[in-house]
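Supplied in structure tokens, the structure appears directly below.
Index from 1, following the sequence. What you see is a predicted model, and the numbers here were worked out from it, not measured in a lab.
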Amino acid sequence: MAKKVRNTTIFRQLMLSIILPVIVALLALAFINYHNNKQALVEHLKEKNEIISDRIKGILQFQDFGLEIIESRLDERMQALSNKLANEYFIAEANVKSIDLDQVRRELSMDSTLEDIYVINENGIVVNTTFEKDLNLNLFKFGSSYEQYLKGILHEGKFIAERFSIEDKTKKLKKYSYQPTNDEKHIIELGLYSEKANDILDIIKKRLNNISARQASILSVELFIGSGAENEFSYNQDAHVPESHKAIMAKTFTERKSNYIEEIEDGIKKHYDYIFMDRNNSQLYDSAVIQVVSDRSEIDALLRQELIKFSIIFGVTILALLILTFNNAKLISNPIEKLLKKVDRITKGNLNERAEVEGNYEIAKLAQNFNTMINELEKSHNELEQRVIERTAEIYKQKEQIEGQKLELEQKNQDITDSIKYAKRIQEAILPPDQLIDNSLPESFVLYEPKDIVSGDFYWMANRGEDTYIAAVDCTGHGVPGAFMSMIGYNLLNQIVNEKGITEPSKILDELHSGVRKALKQDMEDSESRDGMDLALCKINNKKKHLEYSGAYRPLYLVRDNEIVETKGNKFAIGGQEITHSSDFTNHELKISKGDTFYIFSDGYADQFGGENSKKFMTKRFKNLLLDIQEKTLNEQKKVLKETIKKWRGSIRQIDDILVIGIRFN
């Protein structure tokens with residue numbers, strides 16, 4: 001189908017070729033400029049935040065250094081107190097719970113407002129303390145890591161002093177030490193507040209609060225410490241994390257990466273930066289997040305000004321381009337419009353029309369060449385008309401000849417088709433009648449689906465005494481060649497069993513092999529025939545519950561107790577170029593049980609292409625299908641097999657003849 005071409009004008013083409021690229025270039029330039037300005041402003045704020053982050057880290061390092069000096073003095077005092085408690089007051093286990101720790105604290109000259117004593121048993125329970133609110137508190141509930149920490153202190157048997165940590169309830173600095181009793185059944189814990197340490201903490205808080213006052217665009221700077229499990233808190237006790245920011249705060253703690261969020265509050269565009277700060281060198285807290293709140297309204301105002309400037313420049317530029325393009329387009333389009341009108345008249349058959357030649361530029365040259373072309377075209381037109389008249393008469397004569405040949409070919413094709421259909425009636429006539437099969441094998445079915453009008457697959461049946469013979473045969477090829485082979489095979493089987501009286505299946509196949517080779521003269525040295533057949537042959541005696549089977553490439557399936565037992569045929573065919581087999585066909589004997597179902601078949605069913613990926617049906621899927629339909633009658637099985645292969649094939653053509661025979665013994 002030809003592609004539809006839209007009408008256009010020179011002005012439109014100039015718009016597309018000149019103005020459109022300019023518009024695209026200006027827009028691209030504006031976008032790059034806007035993006036670069038925005039990026040520069042954002043980077044500037046980012047650098048500010050990094051400077052603030054570095055200053056906070058420096059302040060906290062100063063804090064750590066000051067606290068370390070105070071801690072070194074407290075460690076000596078706490079170890080002396082802890083040793084005295086372990087070696088003098090808690091020698092006997094019996095007095096651990098009952099001893100008056102307030103009295104002990106006075107005897108040891110401990111400050112009751114700043115220093116506390118705790119006794120923890122091996123189950124993590126505070127069994128005695130000067131701090132009554134923590135009595136009977138289970139410390140193991142604080143987590144498995146803390147539980148393992150306390151148990152390790154009991155087993156190591158030595159004094160351990162921790163660094164300052166921030167108490168969860170008071171948000172004050174407190175230092176703890178641990179030492180097991182001599183019997184290693186209790187832990188003596190000391191908890192000491194330090195006014196000097198808290199003074200340092202207050203100084204640090206003031207320094208943090210003053211950072212934002214020096215930056216005009218920075219609204220506030222806060223330091224939140226914790227682990228992100230909704231227990232973080234700020235050095236400034238009045239500060240808090242907004243509810244809408246809880247998730248991003250937790251994400252910053254968990255991923256240990258900085259994040260940000262923007263919100264508009266009271267007409268101000270606020271940018272919240274949450275900067276993660278690792279504090280592995282301090283036991284005050286595991287980690288911290290710096291919250292920097294900045295005002296981005298000024299950035300947006302600057303960017304809006306840039307957009308307004310660009311819009312004005314863009315509008316003026318496009319207007320000027322439109323005016324210039326329109327004026328130049330008119331100089332070119334007017335002569336061309338006149339030329340187009342002449343072309344339209346010529347197109348309608350007025351070959352006496354000629355273009356007007358105006359000026360001395362390219363369009364005038366075009367008009368001259370156009371007139372020359374029309375002169376040649378008029379001459380050629382007259383000559384062509386005469387040739388068309390002559391050629392039309394010749395084509396009409398050839399058409400009559402072709403139509404006659406077509407009718408003759410159609411008649412021959414119909415004759416061939418009628419002959420093949422007649423051959424089909426002959427082939428169907430030699431197949432065992434349904435009545436014979438029903439009388440001999442009451443519970444059975446034959447699924448017979450030829451690929452073409454005639455088939456290379458056929459089934460054969462004979463009765464001799466108490467024995468019933470039945471075979472599923474797959475001849476070389478399909479269609480007419482296969483049908484000829486099926487006639488040879490059918491006649492030979494009748495001769496071997498009914499005339500020669502050979503009754504053992506394997507001997508029948510041996511005789512059939514010799515008969516096919518003789519009929520097709522394959523035993524002659526100059527023979528080029530390679531035709532033959534694969535088959536499965538069964539001899540059934542219902543009274544003796546006995547079955548004999550022999551096969552050429554085709555197997556026998558026995559379904560018993562919902563399992564398939566496969567008996568394979570010999571791996572050589574009937575007929576073909578092979579002069580003699582390495583051995584005779586094998587005879588298999590099977591004992592029949594009630595409910596047994598047997599199947600013999602050609603390869604057409606399993607080899608059919610189809611399904612979603614256009615693959616073969618395959619033997620494994622065929623076996624599973626037979627097992628799935630065992631609860632059905634034989635007639636129902638035939639229907640399922642037929643519908644299944646039809647659905648599997650879909651729109652794909654049938655590639656081979658299909659033959660499946662099923663027999664059940666009851």
Close side-chain approach of Tyr178 to Leu150, heavy-atom, < 4.5 Å: yes

query: Quick one: CG on Asn136 to CG on Asn128, what's the gap to the nearest 0.5 Å?
result: 10.0 Å

- request: Output, in order, the C-alpha distance, side-chain angles, deciding distance and verdict of ring pair (Phe, Tyr, Trp, His ring centres under 6.0 Å) for Phe90 and His186.
  value: CA-CA 9 Å; Phe90 298 131; His186 293 83; 8.3 Å; no

message: Within the 4.5 Å heavy-atom criterion, are Lys174 and Asp116 side-chain neighbours or not?
response: yes

- request: Ignoring hydrogens and angles, tell me if any N or O in the side chain of Gln630 forms a donor-acceptor pair with the backbone of Asn562 under 3.5 Å.
  value: no

- prompt: What is the minimum heavy-atom distance between Arg653 and Arg649, and which atoms define it?
  reply: C-CD, 3.8 Å

message: Donor-acceptor check, side chain of Ser593 to backbone of Asp596, threshold 3.5 angstrom: yes or no?
response: no

message: Restricting to non-hydrogen atoms, name the atom on Ile629 and the atom on Leu641 that form the minimum distance, rounded to 0.1 Å.
response: CD1-CG, 4.2 Å

- prompt: Taking the six-membered ring for Trp, are Phe598 and Phe665 parallel (under 30°), tilted (30 to 60°) or perpendicular (over 60°)?
  reply: perpendicular

Any residue meeting side chain to side chain contact (heavy atoms under 4.5 Å, CB included) with Asn259, in chain and number order, not counting sequence neighbours: Ile248, Lys251, Thr252

query: What class does the angle between the rings of Tyr605 and Phe622 fall in, given that below 30° is parallel, 30 to 60° is tilted and above 60° is perpendicular?
result: tilted

- prompt: Does His245 reach the side chain of Ile261, with side-chain heavy atoms less than 4.5 Å apart?
  reply: yes

Atom pair CG (Asp102) and CZ (Phe131), whose distance is rounded to the nearest 0.5 Å: 12.5 Å

field: Closest heavy-atom pair and its distance - Gly191, Tyr176
entry: CA-CD2, 3.8 Å

message: Evaluate Tyr599 against Ile564 for side-chain contact (heavy atoms from CB on, under 4.5 Å), listing each step before the verdict.
response: CA-CA 10 Å; Tyr599 299 92; Ile564 290 183; over 6 Å; no

query: Checking side-chain contact (heavy atoms from CB on, under 4.5 Å) for the pair Thr619/Glu566: CA distance, chi angles, key distance, verdict?
result: CA-CA 12 Å; Thr619 302; Glu566 179 180 358; 5.9 Å; no

message: Would Lys632 and Lys639 count as a side-chain contact (heavy atoms from CB on, under 4.5 Å) here? Give the steps.
response: CA-CA 10 Å; Lys632 300 182 182 295; Lys639 184 177 180 181; over 6 Å; no

field: Side chain to side chain, Ile275 and Val292, heavy atoms closer than 4.5 Å
entry: yes

- request: Just grab all the salt bridge (charged side-chain N to carboxylate O under 4.0 Å, His left out) pairs involving residues 74-86, residues at least two apart or on different chains.
  value: Asp75-Lys175, Arg77-Glu115

- request: Quick one: closest heavy-atom pair of Ile160 and Tyr149, and the distance?
  value: CG2-OH, 3.6 Å

query: Quick check: does any side chain N or O of Thr130 sit under 3.5 Å from a backbone N or O of Ile117, one acting as donor and the other as acceptor?
result: yes

message: Could you measure the distance from the CG atom of Asp603 to the OH atom of Tyr553? Nearest 0.5 Å is fine.
response: 12.0 Å

field: Asp183/Thr181 under side-chain hydrogen bond (donor to acceptor under 3.5 Å, both in side chains): CA gap, chis, key distance, verdict
entry: CA-CA 5 Å; Asp183 57 6; Thr181 57; 2.4 Å; yes

message: For Ala86 versus Pro180, what's the shortest heavy-atom pair and its separation?
response: CB-O, 4.4 Å

message: So, taking the atom named CG in Leu81 and the one named CG in Leu192, what distance separates them when rounded to the nearest 0.5 Å?
response: 7.5 Å

query: Quick one: does Leu101's side chain get under 4.5 Å of Val119's, heavy atoms only?
result: yes

- line: Output for pair (Lys185 NZ, Asn123 CG), nearest 0.5 Å, gives 12.0 Å

query: Do the non-hydrogen side-chain atoms of Thr633 and Arg664 ever get within less than 4.5 Å of each other?
result: no

- prompt: For the atom pair OH (Tyr193) and OG1 (Thr113), what is the distance rounded to the nearest 0.5 Å?
  reply: 10.0 Å

- request: In sequence, state the C-alpha distance, the side-chain angles, and the governing distance for Arg560 and Val565, and then conclude on side-chain contact (heavy atoms from CB on, under 4.5 Å).
  value: CA-CA 8 Å; Arg560 178 182 291 166; Val565 179; 5.7 Å; no

- prompt: Taking all atoms of both residues into account, what is the closest heavy-atom pair of Ser82 and Ile188, and its distance?
  reply: O-CD1, 4.2 Å

- prompt: Just wondering, do Lys638 and Lys642 contact through their side chains at under 4.5 Å, heavy atoms?
  reply: no

- request: Would you check if Leu137 and Tyr118 make a side-chain contact, meaning some heavy-atom pair closer than 4.5 Å?
  value: no

task: Keeping the roles fixed (side chain from Gln608, backbone from Asp656), state whether a donor-acceptor pair exists under 3.5 Å.
output: no

